[in-house]
There are 2 protein chains.
Amino acid sequence: MTGIDSNTEQIIMKAARRVFTNKGFDGARMQEIADVAGINKALLHYYFRSKDKLFEAIFKEVLNTVFPKIIAVLMSPLTLFEKIEKVSFNYIEMLKQNPDLAIFVFHEISRNPERLVGNFKNVGADFKIIQTQITKEVEAGIIVPIKAEHLIANLISLCVFPFIARPVLMGMAGMDQAEYDRFLEERKQIIPHTLITAIKKQK
Amino acid sequence: MTGIDSNTEQIIMKAARRVFTNKGFDGARMQEIADVAGINKALLHYYFRSKDKLFEAIFKEVLNTVFPKIIAVLMSPLTLFEKIEKVSFNYIEMLKQNPDLAIFVFHEISRNPERLVGNFKNVGADFKIIQTQITKEVEAGIIVPIKAEHLIANLISLCVFPFIARPVLMGMAGMDQAEYDRFLEERKQIIPHTLITAIKKQK
DNA sequence: TCTACTTTTGACCACTTGGTTAAATCATAT
DNA sequence: ATATGATTTAACCAAGTGGTCAAAAGTAGA
């Protein structure tokens with residue numbers, strides 16, 4: 001090996017990630033990945049034995065980019081309101097820096113959901129922790145009763161959706177890129193406000 | 001022609017819709033569509049000249065299934081709160097009956113967003129109507145100021161997300177199909193409650 | 001320089017893909 | 001029945017697909 005973990009390998013990963021996230025597994029072509037990487041197609045198979053293997057490598061890399069931080073927040077000892085605020089901020093910020101990841105993950109949901117769920121749990125996601133926290137905060141009179149499933153679904157969907165539906169949103173609302181960026185920035189506040197107001201117990 | 005618009009044509013449409021929604025355009029195979037329809041592959045090309053043409057036919061059919069009702073509600077003279085309630089109910093109900101449509105549309109967003117936006121506007125979607133309504137209800141002291149972009153994005157994402165992320169949701173929360181159905185049913189109430197509480201002006 | 005090795009390449013292969021075609025089948029009016 | 005037109009089929013094709021392989025080019029130690 002020349003450098004750390006071979007330069008070519010990283011170049012390939014970068015190219016593959018770009019092509020896979022844009023086109024999905026089925027739409028991606030090994031030739032295109034090779035072209036983007038500026039190498040021969042056979043070299044792809046030298047480093048990663050098959051298209052599936054290459055995809056899997058990218059997939060794991062993406063999972064490790066996207067989820068650990070968010071899950072860590074959800075599993076931490078913060079209050080529910082703090083978690084909602086932090087996840088909204090971190091998630092949107094991370095997706096702003098990797099706008100294709102949302103689409104990539106969703107492509108994978110419809111292609112191989114089992115593996116995705118498996119990897120999720122491996123990263124330390126445990127649904128019960130949130131469930132017990134909600135139960136406690138309900139009992140403490142802080143929030144109105146709500147199922148954890150709904151709260152988490154609400155939180156994730158509000159954060160992720162704008163990245164998946166970006167072209168439609170921009171097209172329908174007539175936003176340009178700058179306006180869209182501002183829109184995302186606003187959501188860091190609006191999402192927590194929406195969710196917290198809806199579950200906060202009135203005195 | 002035998003029946004109304006030929007029986008075979010409708011069989012093909014049904015098969016194609018199933019395959020396209022499950023696999024996406026790139027993942028779909030003309031042979032598989034033919035198999036599902038129980039006919040020869042060449043017959044596909046007899047009725048629809050190419051894969052693209054067939055897809056386009058399905059695409060238009062899907063658009064006409066999904067959006068007109070929801071858009072009609074949003075453009076109607078109902079109050080904002082009524083619209084939020086009706087859209088939540090209608091949208092979730094329609095997706096329950098056509099669970100693949102969300103994924104289908106989403107696939108298409110990443111494949112050909114321009115056409116999607118174009119068709120949207122053709123169905124009568126006009127963003128400004130909602131914008132002016134919000135302005136008026138803000139001035140009337142009914143709701144807190146909010147951008148129409150956020151409200152609509154919130155509404156749509158909360159309705160659609162569970163259908164796109166279904167396998168993950170079920171896997172993480174350990175829901176079976178019956179529990180998932182109940183979950184969807186609950187959302188018809190939870191979504192309006194969440195959105196309305198967040199924007200309703202306190203007296 | 002020679003040797004042993006890893007990395008990179010161009011040419012190639014088997015197989016799948018969407019799409020065509022000519023012939024067969026079916027329906028129907030005469 | 002039979003001629004005419006629409007419908008359906010099996011066999012086929014060219015272009016692409018992921019993947020292989022043997023040879024070339026680079027690298028580094030002796």
Side-chain angles (χ1 to χ4, degrees), chain A residues 1-62 104 107-108 110-112 115, chain B residues 1-62 100 103-104 107-108 110-112 115:
Chain A
M1 285 186 212
T2 345
I4 350 103
D5 246 20
S6 150
N7 191 25
T8 311
E9 193 172 325
Q10 286 185 299
I11 291 176
I12 293 176
M13 291 278 281
K14 205 174 163 187
R17 179 163 160 170
R18 209 171 99 192
V19 175
F20 276 132
T21 51
N22 282 331
K23 310 269 175 98
F25 180 85
D26 291 321
R29 300 282 161 249
M30 292 299 267
Q31 186 58 59
E32 187 179 352
I33 296 174
D35 292 343
V36 171
I39 57 161
N40 191 285
K41 189 179 56 138
L43 202 55
L44 291 182
H45 291 88
Y46 177 76
Y47 279 93
F48 305 84
R49 293 214 324 250
S50 67
K51 188 184 181 182
D52 284 275
K53 289 274 197 330
L54 175 56
F55 182 83
E56 189 131 5
I58 304 295
F59 179 69
K60 283 183 178 158
E61 193 198 49
V62 165
F104 179 86
H107 266 299
E108 198 50 16
S110 66
R111 221 180 66 89
N112 195 345
R115 181 175 52 173
Chain B
M1 284 186 216
T2 342
I4 352 101
D5 247 19
S6 150
N7 190 27
T8 311
E9 192 171 326
Q10 285 184 299
I11 291 176
I12 293 176
M13 291 278 281
K14 206 174 163 186
R17 181 163 156 171
R18 210 171 99 192
V19 175
F20 276 132
T21 51
N22 282 330
K23 310 272 176 96
F25 181 85
D26 291 320
R29 299 284 160 249
M30 292 299 266
Q31 186 59 57
E32 187 181 351
I33 296 174
D35 291 345
V36 171
I39 56 160
N40 191 283
K41 190 178 56 138
L43 203 56
L44 290 183
H45 289 89
Y46 176 75
Y47 278 92
F48 304 85
R49 291 216 325 250
S50 67
K51 188 184 182 182
D52 283 275
K53 288 275 194 336
L54 175 55
F55 182 83
E56 188 128 6
I58 304 295
F59 178 69
K60 282 183 179 161
E61 194 198 48
V62 166
D100 296 328
I103 292 174
F104 180 88
H107 265 300
E108 197 51 16
S110 68
R111 220 180 67 89
N112 194 346
R115 183 175 49 171

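Lettering of chains follows the sequences in order, A, B, ..., and the numbering in each one begins at 1.
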Undergrad: Salt bridge between B:Lys53 and B:Glu56, side-chain N to carboxylate O under 4.0 Å?
TA: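 Salt bridge flag = no for B:Glu56 with B:Lys53.
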
Undergrad: Identify every side-chain donor-acceptor pair in residues 36-47 of chain A under 3.5 Å, counting partners at least two apart or on other chains, and give the distances.
TA:
{"from": "A:Asn40", "atom 1": "OD1", "to": "A:Ala42", "atom 2": "N", "distance (Å)": "2.7"}

Undergrad: Would you kindly give the CE-to-C1' distance between B:Met30 and D:dG16, to the nearest whole Å?
TA: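 Going from B:Met30 (CE) to D:dG16 (C1'), I get 16 Å.
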
Undergrad: Let me spell it out: for each of A:Asn40 and A:Arg29, pick the nucleotide of DNA chain D with the closest heavy atom. Which residue's pick is nearer the 5' end?
TA: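 Of the two residues, A:Arg29 wins.
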
Undergrad: Between B:Asn112 (side chain only) and B:Glu108 (backbone N and O only), is there a donor and an acceptor less than 3.5 Å apart?
TA: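 Flag not set: sc B:Asn112 to bb B:Glu108 has no pair under 3.5 Å.
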
Undergrad: Would you mind reading off the distance between A:Lys53 atom NZ and D:dG18 atom P, rounded to a whole angstrom?
TA: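 The distance from NZ of A:Lys53 to P of D:dG18 comes to 16 Å, rounded to the nearest Å.
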
Undergrad: May I ask you to test the B:Asp52-B:Phe25 pair for a side-chain heavy-atom distance under 4.5 Å?
TA: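 Of all side-chain heavy-atom pairs linking B:Phe25 with B:Asp52, at least one is under 4.5 Å.
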
Undergrad: How close or far is atom P of C:dG18 from atom CG of B:Leu54, stated in whole angstroms?
TA: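 Rounded to the whole Å, the gap is 11 Å.
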
Undergrad: Take the protein atom CG of A:Asp35 and the nucleotide atom P of C:dT9, then report the distance between them rounded to whole Å.
TA: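 About 12 Å, once rounded to whole Å.
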
Undergrad: How are the rings of A:Phe59 and A:Phe104 set to each other: parallel, tilted or perpendicular (split at 30° and 60°)?
TA: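 Tilted: the ring planes of A:Phe59 and A:Phe104 meet at 30° to 60°.
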
Undergrad: Answer yes or no: are there more than 12 heavy-atom neighbours, outside A:Arg18 itself, under 6.0 Å from its atom CZ?
TA: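 At most 12 heavy atoms, drawn from other residues, nucleotides or ligands, come within 6.0 Å of this atom.
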
Undergrad: Dump every N/O contact between nucleotides 21-24 of chain C and the protein below 3.5 Å, one line per pair.
TA:
none

Undergrad: Tell me whether B:Arg115 at atom CZ has more than 12 heavy atoms from other residues, nucleotides or ligands lying less than 6.0 Å away.
TA: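 Yes - once you tally the heavy atoms of other residues, nucleotides and ligands closer than 6.0 Å, there are more than 12.
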
Undergrad: Counting only side-chain N and O atoms of A:Thr8, is one of them less than 4.0 Å from OP1 or OP2 of C:dT7?
TA: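 For A:Thr8, the contact criterion (side-chain N or O under 4.0 Å from OP1 or OP2 of C:dT7) is not met.
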
Undergrad: In whole angstrom, what separates B:Lys51's NZ from C:dT20's P?
TA: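 In whole Å, C:dT20 P lies 15 Å from B:Lys51 NZ.
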
Undergrad: Which part of the nucleic acid, if any, lies within reach of A:Ala28 when heavy atoms closer than 4.0 Å are counted: base, sugar-phosphate only, or nothing?
TA: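 Since only primed, P, OP1 and OP2 atoms lie under 4.0 Å of A:Ala28, the category is sugar-phosphate.
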
Undergrad: Measure NE2/A:His45 against C1'/D:dT20 and give the value in whole Å, please.
TA: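 Value for this atom pair: 9 Å.
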
Undergrad: Between A:Asp26 and B:Tyr46, name the one whose nearest nucleotide on DNA chain D is closer to the 5' end.
TA: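 Nearest-nucleotide comparison on DNA chain D picks B:Tyr46.
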
Undergrad: Calculate the interatomic distance between A:Lys41 atom NZ and C:dG10 atom P; express it in whole Å.
TA: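 Rounded to whole Å, this separation is 12 Å.
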
Undergrad: Classify A:Phe48 by what it touches in the nucleic acid, base, sugar-phosphate, or nothing, heavy-atom distance under 4.0 Å.
TA: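 Contact class for A:Phe48: none.
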
Undergrad: Taking CG from B:Leu43 and C1' from D:dA11, how many angstroms apart are they, rounded to a whole number?
TA: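 Distance check: B:Leu43 CG to D:dA11 C1' gives 16 Å.
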
Undergrad: Let's see if you can work this out: which of C:dG18, C:dT9, D:dT20 has an atom nearest to the side-chain heavy atoms of A:Ile39?
TA: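 Within the option list, the nearest is C:dT9.
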
